[in-house]
Every structure is written in C-alpha cells, then in structure tokens.
*Asks:* 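If you scroll down you'll find the structure; I have some questions about it.
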Amino acid sequence: MDLTSRARKILDQNWKGGFTIPTSKLYPFQWHWDSGFVALGLAHHDLEKAITEIRSMFSGQWENGLLPHIIFHSENEKTYFPNYDFWNTKVNSGAPQHPKSSGITQPPVFGFVLESLLTLYGKQNEEVVDFVKEIFPKVLKYHEFLYTYRDVEQEGIFFIFHPWESGRDNSPLWDQPLNGIDLETADIPPYTRKDTAISDASERPTQDHYDRYVYLLELGKKHQYDGPGIAEESPFLIQDCMMNAILIRSNKALLNIAGKLHLDAGNLADWQAKSKANFSKKFWNEDLQFFTTYDQRNQRQILHREIGGIVPLFAGVATKAQAAHIANYLRGIHERGFYLCPSFDVDSPLFDSKRYWRGPIWPQMNWMIHHGLRNYGYSELAEIVRGDLIELVEKLGFYEYFEAEKSKTSNLEKGYGGNNFSWTASSIIDFLNA
Ligand code: GLC
C-alpha cells in the first residue's frame, strides 16, 4: 500500500463516529490542535468527515469562548488521566457538561484550518462556504477569549498557565518555571498517572514535572479556569512564542475569509495590529538570533533555541533578516546529520533525541515549518523539511514523534510514542497531495 492509502486507513481507524482520536490507548478523546491537523488531512478525501470533526471540536466550546484542549466525548473511557472528573469544569457555569472537557486550551489552529478548506474547495462550493460561515464566529469568539482573559497588559500577546496548553508538554523551556514551583508547601490531591503504564517511561515526562502539571491544573480549577486569580497567582505564567505566532497566522486567515465572504470580523484587525507590533519586541533575541519564549512571571526571555521559535515564519511575522538567521540555523543542523526539525537545540545539554518535546521530530511541526520556509522563499530547505518527515514515516512508521539523529535511526525499527498516529497521517496526506 502506498503512503497516502496507509495514512487514510489510519484516519479511518482512529475515527470514532464523529471525531478522531490522536491514537488508540494513549489518547482516547478529541484533542484541540490534533483535531485541526486531522481536518486538514481529512479534507483531501472526505469533506463530510472534516466538517464533522471540526463541529465536534466546537461542540465543547465554553460560553466565555474557551476552546478546550480535550473534549471527552465518552464518559466511560477510564484509561486516561486526568479525566473529565478530575478537571471538574462545573466550577465554571459557562462550561458545557455535554460534552465534558478540560479547562485549558491549546494552539489556536482553527483559523488557518478553515482557510485551507476554503482554498481547497473554492468559493464556489456552497457546502464549504456555509460551513465556514457557521464556524467563523466561533473561532473569532475563541480568539476574543485569548485577548480578553489571557492578555493582562493588553499588549496583544496572550499567556498560558499550563505547559500542556503549549502543546509541547515537557519542553526544556518549562524546566525553570516548573522547578520554581515549591511543591513542599503546595497542595496536590492524590492521583495515578496512566501514561507510563501505556508508553515507555523514558519517553514520557518525569514524575516531578507531572506533580507540577497537577498543581497547575488545581490552580486553574480554583479560579474557574478563567478568573483573574490565575494571572495573579500562577507561578507558571508564560507568553509562548509558538502559540502567539499561530494566533497571528489564524487571525490573518480569518481576516482573509472575512474579506472573501463579506463577514463581520469585529475587532480582529485591531487585535492583529497590536499582536504584530509587539511580537518581535517580546520574542526576538539578538544574541541568539532566534525567537525565544517569554516568562511573564519572571519578566525575562527563556534563552533557548526551541522549535516554537521557528513558527513565526509560518505566521509571516519575522523580518527577512530574522528568517535568514533561522534558515541558516536549520541548514547547519541538516548538514551535521540531523533530521529536520529537532524540537530542541541539538547543542544544548538539555537536548534528548528521544524524550518527547526535548529533541525528537514532530510531524505537525514539520508541516508548519515547511510552509513557513516557503513563505520566505526558502523552497529547497522547505523540501528537506517535507522530505525528512516522509523518509522517517517510510522507515519507521506512522508514529507520534521520531528520533532526530540520523545515525541512530539505522538501529531503530520504529518511531517513538504512540503508533498509527492521526496528525502524522494527516501531515503525510497533505504533504503528498497538496
Ligand atoms: C501530547 C502532546 C500534545 C498533543 C497530545 C495529543 O500531550 O504534547 O501536543 O496534542 O499529546 O496528541
């Protein structure tokens, strides 16, 4: 079977009658940004499913606009921690109870996902146009949530209060902010992790960090997941470069859609102008020649070269000179025998080529970075980023993430984390069929 057919089969298997799980066992529900990438892949061969996928995601949107990071479509599935009962979103009266959800968010991908549906099918396709009109106000409302509840200084740059919101759960970016949490005095309820029973513990976050994830979850709950107390109290208060870049990319998509379909975009143009004006000031670091992430609690940039710092190219928010530095950096890594794009600085002592977000290659990241490099005219490098993912999947299978060091893959028979992974399948479908 060719790669596209294998990928479609995986999406079929992971389809649970209305939404797609990232992979069986490890992640048995619908995840926010996974779902966006899945819709991108589904759109190529099954418009109905792509539409249903997105509708299912938004069926869990809160009254305040929050689009949660997990939608628990089934309340009988007991193999996941933290499940809906642990999140207990009843603390917020605007949280839907059918379906239940978590109380935090994930990267805001749905603006650009909607735009790609429209691009793929064209303005003449009534079904797609009607659907885009239906979801557009919901995406807008979600962006309004980020600008209203997550932007303390009103600078157009929103914060996250939990590493899981970033989509890069155990990135070394979060080590310092997490280690700064004094758990001796903090109160965390007893809990049992489920991930290490399913996946190899050496590929998963450490126990110390897991305790802190639970502590931050409890802090969110205490403040109804949207209260001002979160920004006041959370020791983990981060303005993440990647998430804000994705927001800008999605804003741009919504503004394009509004123009094409004559929709009311409310205050979006003003928000977008503010976000773009402050982006480089906040995140660019001249010494590193790289975009960093900002620790708002401690008022400092987190000085690492991490994969999120490449995503501004996808948003078109980097200058030509900034993009050139990043392209050089990627070329250098490629020439030294790494697959593109490692999720963390290969020269840092914190780099770990197999542990989750501390080094490995992630399919959906390659998808965004490929498009980012193309935006700035680096088509050869963009092809390497695309080709590396295709090669890894051909060699090692449709895994969640992959070894970053080429020399190590000759001894490997498979990738890392979950197998038959949905966004891996989707990224491959889009790479091979766009
Ligand atoms: C992990 C990843 C996150 C992803 C989720 C489901 O938590 O870090 O980015 O959304 O798994 O695939």
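Side chains are part of it too, since the values below use all heavy atoms of this structure and drop only hydrogens, waters and symmetry mates. Read the numbers this way: they start at 1 and go in the same order the structure lists the ligands and their atoms.
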*Asks:* Cation-pi check, K282 to Y294: give yes when NZ or CZ is under 6.0 Å from the six-membered ring centre and within 45° of the ring axis, no otherwise.
*Replies:* yes
*Asks:* Suppose we screen for side-chain hydrogen bond (donor to acceptor under 3.5 Å, both in side chains). Which residues come up paired with E63, at least two apart in sequence or across chains?
*Replies:* none
*Asks:* Give the numbers and elements of all ligand 1 atoms closer than 4.0 Å to a heavy atom of W357.
*Replies:* 2 (C), 8 (O)
*Asks:* Based purely on interatomic distance, does D34 place a nitrogen or oxygen under 3.5 Å from a nitrogen or oxygen of ligand 1?
*Replies:* yes
*Asks:* Look at ligand 1 and say whether Q106 reaches it with a heavy atom at a distance under 4.0 Å.
*Replies:* yes
*Asks:* Can you list the atoms of ligand 1 that are under 4.0 Å from a heavy atom of W423?
*Replies:* 4 (C), 9 (O), 10 (O)
*Asks:* Within the side chain of N244, is there an N or O that forms a donor-acceptor pair under 3.5 Å with the backbone of D240?
*Replies:* yes
*Asks:* What are the atoms of ligand 1, with element, lying closer than 4.0 Å to any heavy atom of W33?
*Replies:* 3 (C), 4 (C), 9 (O), 10 (O)
*Asks:* Considering only heavy atoms of F421, which atoms of ligand 1 have at least one such atom less than 4.0 Å away?
*Replies:* 12 (O)
*Asks:* Working to the nearest 0.5 angstrom, can you tell me the gap between S24 OG and I10 CD1?
*Replies:* 10.5 Å
*Asks:* Below 3.5 angstrom, do we get any N/O pair linking W362 and ligand 1?
*Replies:* no
*Asks:* Check whether the side chains of T424 and Y401 place a donor and an acceptor atom closer than 3.5 Å, and report yes or no.
*Replies:* no
*Asks:* Can you tell me if W164 has a non-hydrogen atom under 4.0 Å from ligand 1?
*Replies:* no
*Asks:* Any N/O of D169 closer than 3.5 Å to an N/O of ligand 1?
*Replies:* yes
*Asks:* Closer than 4.0 Å to some heavy atom of Y356 - which atoms of ligand 1 meet that?
*Replies:* 1 (C), 2 (C), 7 (O), 8 (O), 11 (O)
*Asks:* Atom CZ in F161, atom CD in Q296: separation rounded to 0.5 Å?
*Replies:* 13.5 Å
*Asks:* Residues two or more places apart in sequence or in another chain: which of them pass side-chain hydrogen bond (donor to acceptor under 3.5 Å, both in side chains) with E405?
*Replies:* none
*Asks:* By number and element, which atoms of ligand 1 are closer than 4.0 Å to a non-hydrogen atom of G167?
*Replies:* 2 (C), 3 (C), 8 (O), 9 (O)
*Asks:* Between R305 and D345, is there a salt bridge with N-O shorter than 4.0 Å?
*Replies:* yes
